[in-house]
2 protein chains.
Amino acid sequence: MGKKEGTSQRREESLSRERIIEASIELLDSLGEAGLTFRALSERLATGPGAIYWHIASKRDLLIAACDAVVARTVDGSLREAGAAPEATLRALALGMFDTMAARPWVGSALIQAPGQLPMVRIFEGIGQQVCALGVPPEDQWATASALLHYVLGVGGQHAANTQLARTHGLDRSGLLEGVSSVWSRLEPADYPFARSVAAQLPLHDDRVDFLTGIDLILGGIRASRPGGPGLE
Amino acid sequence: MGKKEGTSQRREESLSRERIIEASIELLDSLGEAGLTFRALSERLATGPGAIYWHIASKRDLLIAACDAVVARTVDGSLREAGAAPEATLRALALGMFDTMAARPWVGSALIQAPGQLPMVRIFEGIGQQVCALGVPPEDQWATASALLHYVLGVGGQHAANTQLARTHGLDRSGLLEGVSSVWSRLEPADYPFARSVAAQLPLHDDRVDFLTGIDLILGGIRASRPGGPGLE
DNA sequence: TTCCATTCTGGAACAGCATTCCAAACGTGT
DNA sequence: ACACGTTTGGAATGCTGTTCCAGAATGGAA
């Protein structure tokens with residue numbers, strides 16, 4: 001009566017949760033977030049939508065599972081190649097997630113839609129362990145790790161939105177940024193002095209460097225608020 | 001041949017962009033993000049979808065416009081009631097956005113989907129002006145303001161996702177958090193020590209306090225990296 | 001006033017989506 | 001060979017954003 005007793009059921013080519021998730025990732029990578037539909041998935045797997053629903057609860061479930069597969073690889077990889085220093089490990093973990101979300105914008109978008117789910121917990125766990133190692137007092141650990149996580153999610157979500165916007169408009173990244181830049185530089189000078197002043201550097205900036213700057217800002221804040229006092233390390 | 005010459009065209013009850021946006025906000029507030037459909041909007045405005053499309057380019061346009069109306073009020077209000085101290089103003093602005101996104105989760109979700117658009121620029125401008133006032137050197141202003149913005153967006157997006165998740169499951173906030181907490185506390189102890197250790201305080205924590213802690217962490221990092229040196233304020 | 005071009009309306013129609021349903025095919029233990 | 005639970009895949013459902021278009025309302029010109 002068990003649902004999964006034997007190991008190799010059916011023929012080799014049969015459907016399985018793993019095969020569906022793998023195909024979903026390929027679809028998401030090649031066509032973007034909007035490319036993952038049950039129709040396209042059915043076609044690629046040479047089956048019907050009904051068959052997929054036997055293995056997958058919903059599209060939400062599918063997206064989270066695909067996201068988790070990618071995030072798990074990233075987190076494990078980042079932690080393995082990092083040394084023992086907590087700050088360096090934290091930076092490696094954050095940069096690993098940034099690179100993953102830059103290469104696969106749908107990951108950032110999926111992460112936001114899965115609060116408390118497995119992929120997010122993986123990242124949160126990795127961050128939290130390093131936060132503890134940094135010597136943050138227990139009562140501040142939750143808020144500190146949450147802040148880092150939310151920052152990473154914010155950048156990833158923004159990157160995903162930018163990429164999808166560019167795709168729907170048929171532009172590449174630089175074309176999109178130039179468009180935004182020119183709009184910003186035409187804003188009302190009295191109301192938007194800051195946006196106008198930074199509009200010029202918008203198409204030139206390096207997302208990755210800016211991301212790391214933000215991480216270092218938060219790390220600096222953690223260091224400054226340590227019980228030992230706000231002195232140098 | 002101009003499109004908008006006279007001021008009061010048509011009868012008083014006629015459709016207008018403003019009236020459509022207002023109705024959209026009411027719909028979003030009462031039914032959540034999924035509640036905004038052109039059918040529901042048509043019904044509420046006693047018209048057809050085609051009439052709405054005469055004033056609105058797309059659903060995306062509509063969502064951004066509704067978001068902008070709310071964000072504009074929040075930003076203006078936060079800046080007006082704040083004093084002159086840049087840090088306090090920054091905190092007031094961030095808290096104002098948090099409260100708005102907590103009361104209307106769809107705002108956080110909409111903000112993420114509108115990179116470079118008016119609502120985001122309003123927040124970015126407010127943040128950027130205070131960053132300048134804090135004495136951040138020009139070459140760091142962009143990255144610093146971006147970090148703060150991304151953090152705010154990350155928290156808002158997460159809040160939106162949580163609320164929508166609770167709504168689809170027919171739970172309230174505490175019910176959702178208790179569910180997540182119990183899942184986390186049943187994770188593999190060897191792999192998830194941190195998540196397990198903080199699972200207990202998950203249903204009890206105060207989002208607003210945690211949000212402000214994150215803001216202060218970034219502000220602390222900004223203070224620590226000022227040219228004047230990492231001394232006390 | 002009468003006419004007309006323009007602006008605006010609203011209902012029908014369309015393509016695409018996630019999801020559900022179900023009859024048939026398949027494998028396996030008897 | 002039989003029967004039974006598992007798995008399949010195609011049709012059907014109800015929803016979505018968007019387009020289309022016949023025609024009503026409106027303001028200026030004749």
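Throughout, a chain's letter reflects where its sequence line sits, starting with A, and its residues are numbered from 1.
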Salt bridge present between [X] and [Y] (N-O < 4.0 angstrom):
X      : Y      : answer
B:R73  : B:D68  : no
B:R173 : B:D207 : yes
B:E26  : B:R44  : yes
A:R104 : A:D99  : no

- [ ] Assess the pair A:H150 and B:F211: is the distance between their ring centroids shorter than 6.0 Å?
- [x] no
- [ ] Without swapping roles, check the side chain of B:Q130 against the backbone of B:L90 for a donor-acceptor pair under 3.5 Å.
- [x] no
Task: Presence of B:H55 side-chain N/O under 4.0 Å of C:dT7 phosphate oxygens OP1/OP2 - done: no
Open item on the list: Looking at B:W54, I'd like to know whether one of its side-chain N or O atoms comes within less than 4.0 Å of OP1 or OP2 on C:dC8.
Closed with: yes
Task: Of the listed nucleotides D:dT18, C:dT19, C:dT7, the one nearest the side chain of A:Y53 - done: C:dT19
Mind calculating the distance between [atom1] ([X]) and [atom2] ([N]) to the nearest angstrom?
X     : N      : atom1 : atom2 : value
A:K59 : C:dT19 : NZ    : P     : 8 Å
B:R19 : C:dC8  : CZ    : C1'   : 14 Å
A:I20 : D:dG9  : CD1   : C1'   : 13 Å
B:L31 : D:dC15 : CG    : C1'   : 16 Å
A:E33 : C:dA18 : CD    : P     : 12 Å
B:E43 : D:dT16 : CD    : P     : 11 Å
B:I52 : C:dT7  : CD1   : P     : 20 Å
A:L41 : C:dA18 : CG    : C1'   : 12 Å

Task: Close side-chain approach of A:R17 and A:D61, heavy atoms under 4.5 Å - done: yes
For nucleotides 10-14 of chain D, tabulate all protein N/O to nucleotide N/O atom pairs closer than 3.5 Å, reporting atom names and distance.
from: D:dG10; atom 1: O6; to: A:G50; atom 2: N; distance (Å): 3.3

So what does [X] touch, heavy atoms closer than 4.0 Å: a base, only the sugar-phosphate, or nothing?
X     : value
A:S42 : nothing
B:I56 : nothing
B:L36 : sugar-phosphate

Task: Whether B:W142 and A:H205 hold their rings parallel, tilted or perpendicular, with breakpoints at 30° and 60° - done: perpendicular
TODO: Over 60° means perpendicular and under 30° means parallel, so classify the ring planes of B:F124 and A:W184, tilted if in between.
DONE: tilted
TODO: Starting from the first five and the last five pairs of the helix from C:dT1-D:dA30 to C:dG29-D:dC2, work out the angle between the resulting helix axes, to 10 degrees.
DONE: 10°
